[in-house]
2 protein chains.
Amino acid sequence: MPIASIVSDTQRSPTAAETALTRRVDLTTLRLFIAVCDEQNLTRAAQREGIAASAVSKRMNDFELAFGVTLFKRLAKGMALTPAGEALLHHARVTLLNVEKIAVELSEYSQGVRGHVRMLANLSAIVQYLPEDLSAFFAAHELLRVDLQERPSAQVVRGIEEGAAELGICSAETDSRALEAFHYRYDNLVVVMRPDHPLAGREKLLFTETLDFDHIGLHTASSIYLRSQYAATQAGKTMRLRINVPGFDAVCRMVQANMGLGLIPDRAFEVVGAGMGLRAIPLRDDWGRRELKIVVRDAAQLSATSRLMLDYLRTIEADRLGRVGGRAS
Amino acid sequence: MPIASIVSDTQRSPTAAETALTRRVDLTTLRLFIAVCDEQNLTRAAQREGIAASAVSKRMNDFELAFGVTLFKRLAKGMALTPAGEALLHHARVTLLNVEKIAVELSEYSQGVRGHVRMLANLSAIVQYLPEDLSAFFAAHELLRVDLQERPSAQVVRGIEEGAAELGICSAETDSRALEAFHYRYDNLVVVMRPDHPLAGREKLLFTETLDFDHIGLHTASSIYLRSQYAATQAGKTMRLRINVPGFDAVCRMVQANMGLGLIPDRAFEVVGAGMGLRAIPLRDDWGRRELKIVVRDAAQLSATSRLMLDYLRTIEADRLGRVGGRAS
DNA sequence: GGATTGTTAGAATCCTTTCCCAACAATCTT
DNA sequence: AAGATTGTTGGGAAAGGATTCTAACAATCC
């Protein structure tokens, strides 16, 4: 993005003088600084942190001196931030948040947790397969912990590329660029409707048959939404959308409220919409069968724990298929 | 996302014991730790950091003791990470990166820069209006600096909500939820084509008229792509997409290469596709005129510098319209 | 004048680093 | 095969540095 970089400067590498300054930053100073900002008063901040006011004063002054910056305007009633102070406050907050994460995560290790796996996954995977897969995984490896976040498929890829997590699960149609990809699960889309809907008696449906009725859409970045819009376009028809909602449960509730048809994966319906008295009819179109894939940056360089998880996720469906003798649901 | 939170634990608040542990983390230890990880060797790490090897050893041991965790497997050939060590490494890296940002930013303040504004904007704003608007703004306020990142409109909103930046610019059609929104600019979409294209002689075009020809799409999260797909659907037709590309310049290059029609904002064409010998024909549909809006979390609580920028961006078009006497381009 | 506010100074304390040495494993030399 | 050499991490004592505390001091507000 060349045009952006003209005015952006976050990416440039720090000079030697700046790396020297890096060493003058320390966490207690940042913590105290935040306290002073919160209280807008040095004395109260010192009390809150259980330290003498003079110590705080000295730290703030030394810090300002070291960086050649004034952080506060010293008023008679307390301390007010300068622009430089505001900039520091922002970074100080996220830095301390990070440090807190360190403490939390390490203390988990000390209590026996032997590994952490950071994962990103799309909604379909999280709702349908991950709860069971992960709990089965935990049964075999009690000492592991997973940090899972939901994101649309495209951003799962982005997050893995950027190293925000090690394992990602996204729709197989998503472009995963330089990442390594492995098969995870197959998915089947079903049309969800009330039992009194005109189509409720059907065994199977073509997507085009549903286009004469109102639809309830997922959020616009979801792959199901994008794919169904595309299918409608291909058929030369229009999807009549009443509303876009953020989750499968919300879709089912909207269907229940007679807002229209919903299009969600079958297992999601079993999990989320089961007790709601709704009908789910399989989609006959070829794109009604979807694939979820696992993406990683470099399988060879994965941490031992992530490697374990990856191997597990890759074999689990193979096992299941072997037992059942075919591709189930 | 209740189902996700069962297995996710990033959001939970730290216990008292953990906040106590927070104080045992310090940056030099983290820096040394990273050095040891990089070198996989305590002695070399100590040399690199200009410190005695035994001091490093002591720090690592104390740290392990404090958290009750083993970070390394001590091998004869050096030190290898345990899973806990890998987890720490990840967080340590991002923490130090943040600290470096602090040093960089503050040293800029010390050199006279008086304020930082963090912004997110969509591609349309960045390519068309921000370069001029920002440079004009800088002319009036030499001492300010802007940190600008490109994101699709929906994620601009998300970023502002999460506090990643203070000012955002996105398409007016984007749902900005609880954020405050202000008008920024109007936009007009044009159809870009080669001069030898059948439609090249036209003065204006309806989007439906272009649907008989191949199109070049932007990336699927872009508002132009979403909106034009929707329009095609509404017209009961199909958009014949040859390829999706990530930027306006790429669209123009594809058009030049005879891949099809492009749909981009007019000013983007002037900036990016001007010298490429292409035709740009205005879109006559009502949605061909788009609006860009500025979003902020709470205008009343904005920092002084961001406030300045917001006020500037809000007035600049009003001025321009006043001078020109109407809505230009 | 009393009660805020933040700042300064000197002494006590705490912590870190350094230095030297020990134990150990792997590798090379005799 | 035995011994020497190199490189590794770990531990204890002393020196040096940094941080903190108490106490006293200015400036402002009510």
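Because the structure is a prediction, the values reported are computed rather than measured. Order of the sequence lines fixes the chain letters, A, B, ..., with proteins taken first and strands second; residue numbering starts at 1 for each chain.
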Flag the pair A:Asp62 / A:Thr29 as yes when at least one side-chain heavy-atom distance between them is below 4.5 Å, and no otherwise. no
If you apply the rule side-chain hydrogen bond (donor to acceptor under 3.5 Å, both in side chains), what do you find for A:Thr82 with A:Lys73, and how did you get there? CA-CA 6 Å; A:Thr82 64; A:Lys73 273 175 287 205; over 6 Å; no
Tell me which residues in residues 36-47 of chain B lie within less than 4.0 Å of DNA chain C, going by non-hydrogen atoms. none
Less than 6.0 angstrom separating the ring centers of A:Tyr312 and A:His141, yes or no? no
Classify the angle between the aromatic ring planes of A:Tyr184 and A:Tyr129 as parallel (below 30°), tilted (30 to 60°) or perpendicular (above 60°). perpendicular
To the nearest angstrom, the CE-P distance between A:Met60 and C:dT7 comes to 10 Å
Neighbours of DNA chain C within residues 49-58 of chain A, by heavy-atom distance under 4.0 Å: A:Ser54, A:Ser57
Salt bridge check: are B:Glu64 and B:Arg59 linked by an N-O gap of less than 4.0 Å? no
To the nearest angstrom, the CZ-P distance between B:Phe63 and C:dC15 comes to 17 Å
May I have the distance from A:Leu75 (atom CG) to C:dT7 (atom C1'), rounded to whole angstrom? 15 Å
How many whole angstroms separate atom CZ of B:Arg24 from atom C1' of C:dC15? 12 Å
Using whole Å, what does the distance between atom C1' of nucleotide C:dG6 and atom CD of A:Glu64 come to? 12 Å
The first and last nucleotides of DNA chain D lying within contact of chain A, meaning any atom under 4.0 Å from one of its heavy atoms, run from D:dT19 to D:dC29
Look at B:Glu166 together with B:Arg297 and state whether they make a salt bridge at an N to O cut-off of under 4.0 Å. no
Under 4.5 Å between any side-chain heavy atoms of A:Tyr109 and B:Leu88, yes or no? no
Can you tell me the distance, in whole Å, between the CG atom of A:Asp62 and the P atom of C:dT7? 11 Å
Are A:Asp147 and A:Lys101 close enough for a salt bridge, meaning some N to O gap below 4.0 Å? no
Any side-chain heavy atom of A:Met309 within less than 4.5 Å of one from A:Ile294? no
When the ring centroid of A:Phe72 is compared with that of A:Phe33, is the distance short of 6.0 Å? yes
Is the shortest distance from a Lys or Arg side-chain nitrogen in B:Glu161 or B:Arg177 to a carboxylate oxygen in the other one below 4.0 Å? yes
